[in-house]
Amino acid sequence: MKNILKVWVRAGIVLSLLCGCDERTPDLYSAPDGIYFNNRTAGNVLTDTTSVTFVYEADDVEYMDVPVAVQTIGRQTGADRPVNLRVWSDNAVEGEDYELLTPAVVPAFTSSFSYVVRLKRTVAIRTQMKSVYLKLSPNEYFTTFLAVDSTSGKSGRYTEMLEYRIDFSDFYSAPPLGWRPEYVGEFSERKLRLMWKLFDKVVDRADYNVAGAIPFNRWVYMKNEIEKYMYEQEARLKGWSAGEVDEDALVDPEATGDSRQLLDFTPIVSD
């Protein structure tokens, strides 16, 4: 009886080894080839919109390149694969307000690429925000079965994975994060631009939009210098001293009519 059991055990082992010697390659990834936008914040949060502004750039900067990450699902291939990507705008003109620099193609042996949109610094975006829209659609190479992703289970919000929007402007919709009203008063873009001119060698433009980047002693210095400068402009404006008034130190004429008024840097002191 023991000998019979041994024979059956050996036969089972041989059979299992034969089955394990199948030369067919297993299909390790069976999902269809897909494509979607994969743009994430520094915290690795998927996003479907980005907003950029030229206001922190130097005056001679004429354009800004925005890369949009396009990600594929499935195996890489040895050939380039075109992507069905539509780009349009309701208030911007291609070639005038923006340019498309990258072919809508997934290069061979890759699973992603950056589609670069060049935004142009035109006069129009000083007063109007413009938007560029991108949308992925299926073609013979890729499906679009990933449409949305949950942004937060608690909020119930979703992020688009097949559509993306770029907003761009050259004005402030909100004060920069580092603005200190207790030193230079209520924020206005015109006041900030004057400070850029006066303190070009003292503070980097980008620092105004970073909370705490400009130390308090530098704010005190700038406050004192601005008070002196604006007193000089007032003296010229009222004829107390000779010289031309700095036009950048005046309130926008469109906001005051024909009257010439100086910018108000009076500090705002909270109770």
Are the side chain of Asp204 and the backbone N or O of Asp207 linked by a donor-acceptor pair below 3.5 Å?
no
Do Tyr115 and Val87 have side chains that approach each other closer than 4.5 Å (heavy atoms only, starting at C-beta)?
yes
Cation-pi between Arg118 and Tyr63: NZ/CZ under 6.0 Å from ring centre and within 45° of the ring axis?
yes
Would you indicate whether the side-chain heavy atoms of Phe168 and Val132 approach each other to under 4.5 Å?
yes
Hey, is the main chain of Ser241 close enough, under 3.5 Å, to the side chain of Arg236 for a donor-acceptor pair?
no
Output the distance between atom CD (Gln261) and atom CG (Asp252), rounded to the nearest 0.5 Å.
11.0 Å
State, to 0.1 Å, how close Ser114 and Pro67 come at their nearest heavy-atom pair, and which atoms those are.
CB-CB, 4.1 Å
Take Trp196 and Val55 through the test side-chain contact (heavy atoms from CB on, under 4.5 Å) and record every step on the way to the result.
CA-CA 11 Å; Trp196 284 348; Val55 293; 4.2 Å; yes
Could you tell me which non-hydrogen atom of Phe37 sits nearest to which non-hydrogen atom of Leu162, and how far apart they are?
CE1-O, 3.2 Å
Say you draw a straight line from CG of Leu119 to CG of Asp65; how long is it, rounded to the nearest 0.5 Å?
8.0 Å
Distance col, row Tyr36:OH vs Met161:CE, nearest 0.5 angstrom, shows 5.5 Å
Check: Pro82 main-chain N/O paired with Asn139 side-chain donor or acceptor under 3.5 Å
yes
Evaluation steps, side-chain contact (heavy atoms from CB on, under 4.5 Å), between Asp80 and Val106
CA-CA 6 Å; Asp80 293 347; Val106 179; over 6 Å; no
Heavy atoms of Thr143 and Pro138 approach each other most closely as CA-CB, 4.3 Å
Out of curiosity, Asn209 CG to Leu177 CG, how far, rounded to the nearest 0.5 Å?
4.5 Å
With sequence neighbours left out, which residue pairs that include part of residues 87-102 fulfil the side chain to side chain donor-acceptor pair (under 3.5 Å) condition?
Ser89-Asn91, Glu99-Lys120
Salt-bridged, Lys228 to Glu232, with N to O below 4.0 Å?
no
Give a yes or no on whether Val202 and Phe265 share a hydrophobic cluster (residues Ile, Leu, Val, Met, Phe, Trp, Tyr; joining criterion: side-chain heavy atoms under 4.5 Å apart).
yes
Indicate whether the side chain of Asn39 and that of Thr47 have a donor and an acceptor atom separated by less than 3.5 Å.
no
In this structure, would Leu101 and Val52 fall into the same cluster of hydrophobic residues linked by side-chain contacts under 4.5 Å?
no
Rounded to the nearest 0.5 Å, what separates atom CG in Leu237 from atom CD in Glu244?
11.0 Å
Treat each ILVMFWY residue as a node, draw an edge where side-chain heavy atoms are under 4.5 Å apart, and state whether Val66 and Leu85 are in one component.
yes
Taking Arg260 first and then Glu247, would you say they form a salt bridge - that is, a charged N and a carboxylate O separated by under 4.0 Å?
yes
pair Tyr164-Thr49: side-chain heavy atoms closer than 4.5 Å:
no
Main chain of Met129, side chain of Ser169: is a donor-acceptor contact present, judged purely on distance under 3.5 Å?
no
Would you mind reporting whether Leu134 and Arg165 have side-chain heavy atoms less than 4.5 Å apart?
no
Report yes or no: do Ile268 and Met195 belong to one cluster of Ile/Leu/Val/Met/Phe/Trp/Tyr joined by side chain heavy-atom distances under 4.5 Å?
no
Grab the two heavy atoms, one from Leu192 and one from Pro176, that are nearest each other, plus how far apart they are.
CD2-CG, 4.2 Å
How close do Ala249 and Met230 get, counting heavy atoms only, and between which atoms?
O-CE, 3.7 Å
Got a donor-acceptor contact below 3.5 angstrom from the Arg121 side chain to the Phe54 backbone?
yes
What pairs meet the salt bridge (Lys or Arg N to Asp or Glu O under 4.0 Å) rule with one or both residues in residues 35-64, with sequence neighbours excluded?
Asp59-Arg205
Minimum heavy-atom separation for Ile214 to Arg218, with atom names?
CG2-CB, 3.9 Å
Do Ile125 and Phe171 come within less than 4.5 Å of each other through their side chains, counting heavy atoms only?
no
Where do Val70 and Asn38 land on the side-chain contact (heavy atoms from CB on, under 4.5 Å) test, with the steps shown first?
CA-CA 6 Å; Val70 180; Asn38 187 24; over 6 Å; no
Looking at Phe216, I want to see if its CZ is surrounded by more than 12 non-hydrogen atoms of other residues, nucleotides or ligands under 6.0 Å.
no
In terms of relative ring orientation, are Trp240 and Tyr231 parallel, tilted or perpendicular, with 30° and 60° separating the classes?
tilted
Do the ring planes of Phe187 and Tyr172 sit parallel (below 30°), tilted (30 to 60°) or perpendicular (above 60°)?
perpendicular
Under 4.5 Å between side-chain heavy atoms, counting indirect links through other Ile/Leu/Val/Met/Phe/Trp/Tyr residues: same cluster for Phe145 and Leu46 or not?
yes
Taking the side chain as everything from C-beta on, heavy atoms only, tell me whether Ile73 gets closer than 4.5 Å to Asp33.
no
Does Ser131 offer a backbone N or O that forms a donor-acceptor pair with the side chain of Asp167 under 3.5 Å?
no
Would you list the pairs meeting salt bridge (Lys or Arg N to Asp or Glu O under 4.0 Å) in which at least one residue belongs to residues 173-198, sequence neighbours left out?
Asp170-Arg193, Arg180-Glu182, Glu189-Arg193, Lys197-Asp246, Lys197-Asp248
Quick one: does Val116's side chain get under 4.5 Å of Val68's, heavy atoms only?
no
Do Ile226 and Val184 make a side-chain contact, defined as non-hydrogen atoms from C-beta onward lying under 4.5 Å apart?
yes
